[in-house]
S.K.: 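Here it is: the structure, laid out below.
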Amino acid sequence: MRRALELARRGLNTTQPNPRVGCVIVQAGTVVAEGWHERAGGPHAEVAALRAATADVRGATAYVTLEPCCHHGRTPPCSEALIAAGIARVVLATSDPDPRVSGGGAAQLRAAGIRVDAGVLATQAAELNEGYLKRMSRGLPFVRLKLAMSLDGRTALANGVSHWLTSEQAREDVQRWRAASAAMMTGAGTVVADDPRMSVRLPGASRQPLRVVLDGHLRTPPHARLFQGAQGVWIYAGSRDAQRRAALEQAGARVIEVPGDERGRLDLAAVMRHLATEGVNEVFAETGARMAGPLLQAGVVDELLLYVAPMLLGPQARPLADLPALASLDAAPRFALHEVARIGPDLRLRLRGFK
């Protein structure tokens, strides 16, 4: 199963909106086939492995990181392929919450006389597909909020200068997280101030994430650099200014109206629900303090990806997130450390459980 998970990771940047899945087939203690799902519309991991088999697989065991599908979509059911191949046993890491599968794949295999064992390395397999699993079970994408700060919790000088707060190694690491996401998200304030490209700049990158802007007042400039490139730009807006909307649509944006207030604050839960209905599994949010605070307060953030640079910027520098004043420490938002890693001279913290 560890090898199957390694294979599944090969599709980390390419399978959206499908899950990342790997399969290893073992015959009499020897691996005779391996496969993984490379991209939506292509063969699923089980079928790829069966096609790559170097020996007869009848009576063999298949190790699969996600329950085989049992419905007809762009490809035939994997459960039927395993049955037809004569597989005797299937070992699963996790079940598939897709309503079209959700236990049906395993049930179909058992009905055909195949032994099914589940739960092997389930935690690792679930983390590999957190976005897909959340979208299928809760109708929401997995949201990762990336921020970078100094040791004293500051993100930029008082004049807004922040290049470069973190190291080149940290910036390269961010590119890998971007590449694995279905969508990149920022606020209109960041677009106006920094004019980011919102792109993956890795050698050989085969896919660019969807670019999403939270823009309550339709402030995004039609000439912004994020419109350069083939990938789409979606702007979630509360304003109904027809002239600004037309200019952005002419620039190539899809403008989506969501509920908002007079201050331009959007219903962020509604944004996330819409992204999920469009097949978005993971959202990688890179914003300033003004947008980071509302995202955290709205409860839509699953993970805070925080890069810490070994420097001090002082009390006049800009804060990490705009949050309301607290009356007591008991009211302070708290996190659980999920992972700590050293990235060049910086630290990378992955935090969860914002409360």
S.K.: Identify whether the distance between the nearest side-chain nitrogen and carboxylate oxygen of R352 and E130 falls below 4.0 Å.
M.R.: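 Yes.
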
S.K.: Which residues pass the ring-ring contact (aromatic ring centres under 6.0 Å, His included) test with Y132, sequence neighbours left out?
M.R.: none

S.K.: For a quick test of reading the model, state the closest non-hydrogen atom pair linking N281 to P17 and the distance between them.
M.R.: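 Nearest heavy atoms, N281 then P17: ND2-O, 3.0 Å.
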
S.K.: Check G238 against L266 and note the closest heavy-atom contact, atom names and distance.
M.R.: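 Scanning both residues, the minimum pair turns out to be N-CD2, 3.4 Å.
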
S.K.: With a 3.5 Å cut-off and sequence neighbours excluded, list the donor-acceptor pairs that the side chains of residues 242-250 form with protein atoms.
M.R.:
residue	atom	partner	partner atom	Å
R244	NH1	H217	O	2.9
R245	NE	E249	OE2	2.9
R245	NH1	E257	OE2	3.2
R245	NH2	V255	O	3.1

S.K.: For a quick test of your reading: what N or O donor-acceptor pairs under 3.5 Å do the side chains of residues 99-119 make, sequence neighbours left out?
M.R.:
residue	atom	partner	partner atom	Å
R100	NE	D98	OD1	3.2
R100	NE	D98	OD2	3.2
R100	NH2	D98	OD2	2.8
Q108	OE1	S79	OG	2.2
R110	NH2	V116	O	3.4
R115	NE	D117	OD2	2.9
R115	NH2	D117	OD2	3.3
D117	OD2	R89	NE	2.8
D117	OD2	R89	NH2	3.1

S.K.: Restricting to non-hydrogen atoms, name the atom on R20 and the atom on L128 that form the minimum distance, rounded to 0.1 Å.
M.R.: NH1-O, 2.9 Å

S.K.: Using 4.0 Å as the upper bound for N to carboxylate O, is an ion pair formed by E278 and R254?
M.R.: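 Looking at E278 together with R254, the answer is yes, because their closest N to O distance falls below 4.0 Å.
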
S.K.: Identify, with sequence neighbours excluded, every residue that meets salt bridge (charged side-chain N to carboxylate O under 4.0 Å, His left out) alongside E172.
M.R.: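 E172 satisfies salt bridge (charged side-chain N to carboxylate O under 4.0 Å, His left out) with no other residue.
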
S.K.: Could you give the distance from CG (L165) to OG (S150), rounded to the nearest 0.5 Å?
M.R.: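 Rounded to the nearest 0.5 Å, the CG-OG separation comes to 6.5 Å.
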
S.K.: Working to the nearest 0.5 angstrom, can you tell me the gap between H37 NE2 and E46 CD?
M.R.: 10.0 Å

S.K.: Search all heavy atoms of A148 against all heavy atoms of T155 and return the closest pair with its distance.
M.R.: O-CG2, 3.3 Å

S.K.: Which other residues end up in the same hydrophobic cluster as L305, if Ile, Leu, Val, Met, Phe, Trp and Tyr are linked when side-chain heavy atoms come under 4.5 Å apart?
M.R.: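 V174, W177, F284, Y307, which link up through side-chain heavy atoms under 4.5 Å apart, make up the rest of the cluster.
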
S.K.: At what distance, to the nearest 0.5 angstrom, does CE of M272 lie from CZ of R135?
M.R.: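 Here the rounded value is 15.0 Å.
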
S.K.: Of all the heavy-atom pairs spanning I25 and A60, show the shortest one and how long it is.
M.R.: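 Smallest interatomic distance, heavy atoms only, reads CG2-CB, 3.8 Å.
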
S.K.: Both conditions, 6.0 Å and 45 degrees, for the charged tip of R211 above the ring of W234: are they met here?
M.R.: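 The answer is no; the distance or angle limit is not met.
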
S.K.: Among residues two or more places apart or on two chains, list those pairs meeting side chain to side chain donor-acceptor pair (under 3.5 Å) that have a residue in residues 55-64.
M.R.: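 Found D56-R58.
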
